[in-house]
Amino acid sequence: MKRQAFVVGTGHMVPEAILTNADLEKIVDTTDEWITTRTGIKTRHITDASTATSDLALEACRRAMEDAGWAPGDVQAIIMATVTPDHAFPATACLVANRLGLPHVPAWDFEAGCSGFVYGMIQARAFIEAGLFDRILVVGAECLTKITNWKDRASCVLFGDGAGAAAVSSQGPGGLLGGFHWGSDGAISDLLVQQAGGSRMPATRETVDAGLHCIAMNGSETFKHAVRAMRDSCMLALEMDGTPKESVDLLISHQANYRIIDATARALDLPPEKVFVNIDKYGNTSAASIPIALDEARRSGVVKPPMTVVLAAFGAGLTWAGMIVKWS
Ligand code: ACO
């Protein structure tokens with residue numbers, strides 16, 4: 001019988017401290033009204049100086065493992081999507097694996113911007129179907145506020161910190177990982193970039209002074225590509241799955257901007273009650289946004305069998321991805 005991959009547990013973690021739109025009004029020239037109407041964001045959770053991405057990821061993984069009923073010895077690999085690792089190297093996944101007490105399993109980071117979690121789920125599906133592993137942790141974790149330019153009102157209002165994880169198993173019951181589509185376009189990589197700190201522009205006093213280690217984004221251009229990429233990857237994922245869009249029960253999309261989520265929902269002819277939205281609370285947490293939303297949707301009973309869920313993402317790269325997950 002063909003091997004299949006199922007989501008059997010989820011967990012998330014956000015830091016306690018909350019930054020409101022009113023707080024941002026004191027930092028940059030903005031208003032609660034502008035942020036709310038242009039993005040849908042009201043608050044975001046932010047880490048303190050002593051908290052790093054691995055701290056959030058660790059707790060999200062613990063919660064996903066508990067939800068799945070897994071002991072540390074059950075986990076055979078851990079894959080982490082992040083653009084804000086604790087260090088350039090070693091991989092943050094290795095640090096998390098050690099703190100979870102996993103038994104020397106393969107652990108690695110990869111980067112696909114905000115599409116990272118769905119990219120990770122596609123990898124998990126492939127590894128499980130190929131028979132390499134039976135139980136994998138897929139994590140999306142970020143501390144975006146550590147690389148936010150607090151002088152740039154067009155971007156600093158958007159980002160928050162958090163982590164989400166999924167336990168993926170060859171044994172159900174759970175959410176069956178189905179059809180997917182993923183892609184990228186490096187020709188427009190300059191729309192969303194952290195200029196300095198890599199081999200192209202190593203860190204110097206000047207790069208730090210110029211704020212080149214922070215997120216730089218062309219918001220309106222990114223917006224246009226995001227709407228097209230999310231719509232197309234959802235449609236292609238549905239096609240691969242052999243599922244008509246009329247059968248979709250819930251859209252869980254990357255939480256970057258409410259208007260982007262709404263445009264994707266309209267492309268799928270989905271009414272608001274079939275769209276999960278928590279951007280108002282968390283802002284854009286990049287690779288963490290979909291697993292945080294998935295966990296909240298499961299724990300609050302919004303996701304319940306039988307249900308066909310579409311995951312949709314886009315982000316720096318640019319990258320995009322869609323995946324169908326079926327709870328039966
Ligand atoms: N408060 C008040 N005014 C603002 C703010 C602000 N915080 N930010 C921008 N403005 C102003 C601009 O200066 C501009 O003023 P002007 O017309 O006088 O020049 C006006 O608002 C409109 O600016 P736009 O950039 O055209 O606004 P837009 O409607 O496109 O919204 C936003 C901006 C929210 C950034 C939107 O473009 C967006 O969400 N883009 C996608 C972002 C995204 O999803 N990024 C990818 C993921 S991030 C990652 O991968 C790490």
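FYI, the numbering just counts along the sequence from 1. One-based numbering, in listed order, for ligands and for the atoms of each.
Residue contacts with ligand 1 for Leu192 involve side-chain atoms from C-beta outward but no N, CA, C or O (heavy atoms, distance under 4.0 Å). Under 4.0 angstrom from ligand 1, the non-hydrogen atoms of Asn284 all belong to its side chain. Contacts between Thr39 and ligand 1, counted as non-hydrogen atom pairs separated by less than 4.0 Å, involve the side chain only.
Two rings, from Phe127 and Trp108, have their centers less than 6.0 Å apart. His254 has its ring centre less than 6.0 Å from the ring centre of Phe314.
Inside a 4.0 Å radius of atom 16 (P) of ligand 1 there is not any protein heavy atom. Within 4.0 Å of atom 19 (O) of ligand 1, not a single protein heavy atom is present.
In this structure, Trp182 and Tyr119 have perpendicular ring planes: the angle between them is above 60°, well past the 30° mark.
The protein atom (non-hydrogen) at minimum distance from atom 31 (O) of ligand 1 is Arg259 NH2, 3.5 Å. The protein heavy-atom contact nearest to atom 32 (C) of ligand 1 is Asn257 ND2, 4.4 Å. In this structure, atom 10 (N) of ligand 1 lies nearest to the protein heavy atom Trp34 CZ2, 3.4 Å. The shortest contact between atom 45 (N) of ligand 1 and any protein heavy atom is with Met217 SD, 3.2 Å. The nearest heavy-atom contact from the protein to atom 29 (O) of ligand 1 is Arg38 NH2, 2.6 Å. The protein heavy atom nearest to atom 24 (P) of ligand 1 is Ser220 CB, 4.8 Å. Nearest protein heavy-atom neighbour of atom 35 (C) of ligand 1: Ala154 O, 3.7 Å.
In terms of polar-atom proximity, Thr30 is counted as a contact of ligand 1, with an N or O under 3.5 Å from an N or O of the ligand. Checked against a 3.5 angstrom limit, the closest N/O atoms of Arg153 and ligand 1 fall inside it. At a 3.5 angstrom cut-off on N or O pairs, Gly219 counts as close to ligand 1.
At a threshold of 4.0 Å, the pair Arg299-Asp295 counts as salt-bridged, since one of the basic side-chain nitrogens sits closer than that to a carboxylate oxygen. The pair Lys224-Glu221 meets the salt-bridge criterion, since a charged nitrogen lies less than 4.0 angstrom from a carboxylate oxygen. Ion pairing between Lys146 and Asp161 fails under the 4.0 Å rule for side-chain N and carboxylate O. With salt bridges taken as basic N to acidic carboxylate O contacts below 4.0 Å, one links Arg266 and Asp262. A salt bridge does not link Lys42 with Asp280: every distance from a Lys NZ or Arg NE/NH1/NH2 to an Asp or Glu carboxylate oxygen is 4.0 Å or more. In this structure, Lys281 pairs ionically with Glu296, as a charged nitrogen and a carboxylate oxygen lie closer than 4.0 Å.
Nearest to atom 50 (O) of ligand 1 by heavy-atom distance, out of Ala112, Cys114, Gly315, is Cys114.
Contact annotation: Glu142 has no heavy atom less than 4.0 Å from any atom of ligand 1. Every heavy atom of Gly113 sits 4.0 Å or more from the atoms of ligand 1. Remark: distances from the non-hydrogen atoms of Thr222 to ligand 1 include one below 4.0 Å.
Both Val275 and Ile41 belong to a common hydrophobic cluster when Ile, Leu, Val, Met, Phe, Trp and Tyr are linked at side-chain heavy-atom distances under 4.5 angstrom.
Geometrically, Arg231 does not engage Trp320 in a cation-pi contact, judged by NZ or CZ lying under 6.0 Å from the ring centre and within 45° of the ring axis.
Considering Gln4, Lys2, Arg3 as possible partners of Glu129, the one that fulfils the side chain to side chain donor-acceptor pair (under 3.5 Å) test is Lys2.
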